**Student:** 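Structure in structure tokens, see below.
Treat the numbers as computed from the prediction; the structure is a model and nothing was measured.
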Amino acid sequence: PVDLTKVISVDGVASSKGQKGIICTGTYSDGNTILADCEYKGQRYELTKGDSIGGGIVKSVSKEFVSITKGEELLKFNVGF
């Protein structure tokens, strides 16, 4: 098996498997807000809109994606794939 997540890049979409060092494994709701469970540099983070991680800012969290802006770049991380 070959891990192609480092070879194939779909415009604006990153796999949850370590692109930019951020891995998002799931989401859940606290009743009002959707939170994402992500890991960066061995640390676990519960992220929501406005939080920072890896030098970027979380713009949105859904069941499928975590969107983060870093400078002018918008990154979308698949959740749980």
**Student:** Return the SG to CZ distance between Cys24 and Phe77, rounded to the nearest 0.5 Å.
**Tutor:** 6.5 Å
**Student:** At what distance, to the nearest 0.5 angstrom, does OG1 of Thr27 lie from CG of Leu47?
**Tutor:**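 Interatomic distance, Thr27 OG1 to Leu47 CG, rounded to 0.5 Å: 11.5 Å.
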**Student:** Going by heavy atoms in the side chains, are Phe65 and Asn78 under 4.5 Å from each other?
**Tutor:** yes
**Student:** With clusters defined by side-chain heavy atoms of hydrophobic residues (ILVMFWY) lying less than 4.5 Å apart, directly or transitively, does Tyr45 cluster with Ile68?
**Tutor:**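 As far as the 4.5 Å side-chain criterion goes, Tyr45 and Ile68 are connected within one cluster.
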**Student:** Cluster question for you: counting only ILVMFWY and a side-chain heavy-atom cut-off of under 4.5 Å, with indirect links fine, are Leu35 and Tyr40 together?
**Tutor:**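 Shared cluster, no.
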**Student:** Could you pull out the closest heavy-atom pair between Val79 and Thr25, with the gap in Å?
**Tutor:** CG1-C, 4.0 Å
**Student:** Just how far is it from atom NZ of Lys49 to atom OG of Ser62, taken to the nearest 0.5 Å?
**Tutor:**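 Lys49 atom NZ to Ser62 atom OG measures 12.5 Å (nearest 0.5 Å).
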**Student:** Working to the nearest 0.5 angstrom, can you tell me the gap between Asp51 CG and Ile53 CD1?
**Tutor:** 9.0 Å
**Student:** Measure the spacing between CD1 of Ile57 and OG of Ser52 and express it to the nearest 0.5 Å.
**Tutor:** 5.0 Å
**Student:** Give a yes or no on whether the backbone of Leu75 and the side-chain of Lys70 come within a donor-acceptor separation of less than 3.5 Å.
**Tutor:** no
**Student:** Can you name the nearest heavy-atom pair linking Asp30 to Asn32, along with the distance?
**Tutor:**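 Scanning both residues completely, I find the closest heavy atoms to be OD1-N, 3.0 Å.
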**Student:** Taking NZ, NE, NH1 and NH2 as the nitrogens, is one of them in Glu46 or Arg44 under 4.0 Å from a carboxylate oxygen of the other?
**Tutor:** yes
